[in-house]
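Presented below is the structure to which this report refers.
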Amino acid sequence: MKESTRILRFIIIGTLNALLTALIVWLLMDVGRQDYQLANVAAYVVAQIHNFLWCKYWIFPLDKQTKKNSIWKQILFFICSFSVAYGTQFLFLLAFVEIFHLNEYLAQFIGLFIYGAVNFLCNKIITFR
C-alpha cells in the first residue's frame with residue numbers, strides 16, 4: 001500500500017476517533033458533570049478499541065509475507081503505543097489547562113492532534129511493522 005493511502009486512511013479513522021472522543025468528553029463533562037481529566041481518560045480508552053480494529057484491518061492490513069508480529073504482540077505493542085501517545089497528549093492537556101489556563105475544551109481539541117501524530121508514528125514503526 002502506498003504511504004499516501006495509509007496516511008489518508010489514518011486521517012479518516014483519526015477524524016472518526018476525534019468525533020467519538022469529543023462526543024464522550026462532551027457527554028461526561030456537560031451531561032455527566034465529570035472532571036475533564038476523567039472525561040479525557042474514558043474517551044481515549046473507548047476510542048482506542050475502535051482505533052485498534054481499524055488500524056489492524058484497514059490502515060495497516062496484514063501482509064502474511066512481511067508481517068512479523070502475531071495478534072497478541074500487536075495488541076501489546078498497540079497498548080504500548082497508545083500509552084506513549086496518550087501520555088504525551090495528557091501531559092500537554094494538563095499543561096494547557098493548569099499552567100497556561102487554556103479552556104478545557106480547546107485543550108482537549110488540541111490534544112487530539114498531538115495524540116494523533118504520536119500514535120501514527122508509534123503504530124507505523126512498532127505495532128504494525
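The figures that follow rest on heavy atoms only: side chains count, while hydrogens, waters and symmetry mates do not. Here, residue 1 is the first one in the sequence, and each next residue gets the next number.
- Relative ring orientation between F128 and F60 is described as parallel, the plane-to-plane angle staying below 30° on a 0-90° scale split at 30° and 60°.
- Annotation: side chain of I79 is not in contact with side chain of L76 (no heavy-atom distance under 4.5 Å).
- Contact of the I110 side chain with the F92 side chain is not registered, since no non-hydrogen atoms from C-beta on lie closer than 4.5 Å.
- A distance of 8.5 Å separates CD1 of I12 from CZ of R9, quoted to the nearest 0.5 Å.
- In this structure, N17 and H50 approach most closely via the heavy-atom pair OD1-ND1, 2.5 Å.
- By the rule that hydrophobic residues join a cluster once side-chain heavy atoms approach within less than 4.5 Å of another member, L94 and Y44 end up as members of one cluster.
- Note that CZ of F52 and CG of N123 are 9.0 Å apart. Values are rounded to the nearest 0.5 Å.
- Using a 4.5 Å heavy-atom threshold, the side chains of V97 and Q37 count as separate.
- Across every non-hydrogen atom of F10 and I59, the tightest pair is CA-CD1, 3.7 Å.
- With rounding to the nearest 0.5 Å, the separation of CD in E98 from OH in Y36 is 3.5 Å.
- The two residues S81 and T127 make their nearest non-hydrogen contact at OG-OG1, 3.0 Å.
- Note that CG of L112 is 7.0 Å distant from CD of Q89, once rounded to the nearest 0.5 Å.
- Counting only heavy atoms from C-beta outward, the side chains of N51 and Q48 approach each other to under 4.5 Å.
- Looking only at side-chain heavy atoms (C-beta outward), K124 and C55 stay at 4.5 Å or farther from each other.
- Linking Ile, Leu, Val, Met, Phe, Trp and Tyr residues whenever their side-chain heavy atoms come within less than 4.5 Å leaves L23 and I13 in two separate clusters.
- A39 and V25 get closest at one heavy-atom pair: O-CG2, 3.9 Å.
- Of all heavy-atom pairs spanning A47 and T21, the tightest one is CB-OG1, 3.4 Å.
- A distance of 6.5 Å separates CG of L28 from CG of L38, quoted to the nearest 0.5 Å.
- In terms of hydrophobic clustering, with Ile, Leu, Val, Met, Phe, Trp and Tyr side chains grouped at heavy-atom distances under 4.5 Å, Y115 and L91 are assigned to different clusters.
- Interatomic distance, I114 CD1 to Y86 OH, rounded to the nearest 0.5 Å: 12.5 Å.
- The aromatic rings of W58 and W54 sit perpendicular to each other, their planes meeting at more than 60°, with 30° as the lower class boundary.
- Note on ring orientation: taking the six-membered ring where Trp is involved, the planes of F113 and F109 are perpendicular (angle over 60°, cut-offs 30° and 60°).
- Linking ILVMFWY residues whenever their side-chain heavy atoms come closer than 4.5 Å, directly or via other members, places F120 and F78 in the same cluster.
- The backbone N or O of W26 sits nowhere less than 3.5 Å from a side-chain atom of D30 that would complete a donor-acceptor pair.
- Criterion: ILVMFWY side-chain heavy atoms under 4.5 Å apart, direct or through other members. Under it, W72 and Y57 are part of a common hydrophobic cluster.
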